[in-house]
There are 2 protein chains.
Amino acid sequence: MHIKRPEKTSPECIPNLLALRDSLELLGGKWKLLIVLHISCRPKELQHFKKLEKEITGISAKMLAKELKTLEENKIVTRTIQNTRPVTVTYALTAYGESLIPIARDLQQWGLNHRKIIKEK
Amino acid sequence: MHIKRPEKTSPECIPNLLALRDSLELLGGKWKLLIVLHISCRPKELQHFKKLEKEITGISAKMLAKELKTLEENKIVTRTIQNTRPVTVTYALTAYGESLIPIARDLQQWGLNHRKIIKEK
DNA sequence: CGGGATCCAATAAGATACTG
DNA sequence: CAGTATCTTATTGGATCCCG
């Protein structure tokens, strides 16, 4: 794959990097895209907080709660309190949140390939 | 855009999330993709350490050096010491590193759109 | 159960000084 | 100039406890 690179700095190139900053600020941590992809892997009925906590190895409840809250504030997931005793909470991707799936998959694919590249050294 | 979601958990879905972890561990911080895109915006001759430091607002020399070192170890950039007095160092994307450009651009585009979405609330 | 609040350890990152 | 080392501060994240 060859990507052309401008010979001179294009005027709009630098300013738009602010948008990348925004994305990285929101999504750049270890967990958020992982959570998004995890939710997308599951049928809606199974996306309980507890399930996510168990499936996402290494995440603490505190982290998961914090990350989900941020994702909710950014309209990427919805939070639904179920009428159970005791209370359970389920999460789902919004339609907007699903727009992150291709990006997450690309990164996933890249990581899969990267492991090979690095192993070769 | 509608993305189909499996009704049942696909067996290969969860394990592959390890690949996403790898990607996020390497690229998930605030700076690396930003650096990659910055380098890609510039003609090769201008990608000096000092230039990058000045252009990437908010990054410290220490951070930049550390991030570039990691990127180099992961074969995403090359590091070239110039025969100048005093010494200067230039960085360039490898062909492999260029494979990150589409991902970075997608994230950039997503961030551009996201700003609109969030402003609406 | 989900998730704050608090406290504490581990880590990351700024400032500064120093070398090839 | 491009880093590295050291010191110090800021931030993160885990552990625990509590409440609806």
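Note on naming: letters A, B, ... go to the chains in the order of the sequence lines (proteins, then strands), and numbering restarts at 1 for each one. Side chains are part of it too, since the values below use all heavy atoms of this structure and drop only hydrogens, waters and symmetry mates.
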_Integer-rounded Å distance: dC1(D) C1' and Gln47(B) CD_ = 17 Å
*Roughly how many Å is it from CG in Leu68(B) to P in dC1(D), rounded to a whole number?*
16 Å
_Which nucleotide wins on minimum distance to the side chain of Val89(B), given the candidates dG3(D), dG2(C), dC1(D)?_
dG3(D)
_Members of residues 58-66 of chain B that approach DNA chain C, where some heavy atom sits under 4.0 Å away_ = Ser60(B), Lys62(B), Met63(B), Lys66(B)
*May I ask you to verify if any side-chain N or O of Lys69(A) is less than 4.0 angstrom from the OP1 or OP2 atom of dG2(C)?*
no
_Strictly below 4.0 Å, N to O, side chains only: are Glu53(A) and Lys50(A) in salt-bridge contact?_
yes
*What is the distance from CD of Glu72(A) to P of dG2(C), rounded to the nearest Å?*
15 Å
*Measure from CG on Leu71(A) to C1' on dG2(C) and round the result to the nearest Å.*
16 Å
*How many Å lie between CD on Glu25(A) and C1' on dT12(D), as a whole number?*
15 Å
*Return the value, rounded to whole Å, for the distance between atom CG of Asn83(A) and atom C1' of dC1(C).*
14 Å
*Can you tell me if Thr94(A) uses its side chain to pair, donor with acceptor, with the backbone of Lys75(A) under 3.5 Å?*
yes
*Ignoring backbone atoms, establish whether Arg79(A) has a side-chain N or O less than 4.0 Å from OP1 or OP2 of dG2(C).*
no
_Within the structure provided, determine whether Val89(B) and Leu68(B) are in side-chain contact (heavy-atom separation under 4.5 Å)._
no
*So, Lys32(A) side chain and Leu26(A) main chain: donor-acceptor pair closer than 3.5 Å or not?*
yes
*When you measure from the side chain of Ser99(A) to the backbone N and O of Ala95(A), does any donor-acceptor pair fall under 3.5 Å?*
no
*In terms of ring plane angle, is the pair Tyr91(A) and Phe49(A) parallel, tilted or perpendicular, where the classes change at 30° and 60°?*
tilted
*Taking CH2 from Trp31(A) and P from dT12(D), how many angstroms apart are they, rounded to a whole number?*
16 Å
*Do the side chain of Gln82(B) and the main chain of Thr88(B) share a donor and acceptor less than 3.5 angstrom apart?*
no
*Rounded to the nearest angstrom, tell me the gap between atom CD in Glu53(A) and atom P in dG3(C).*
10 Å
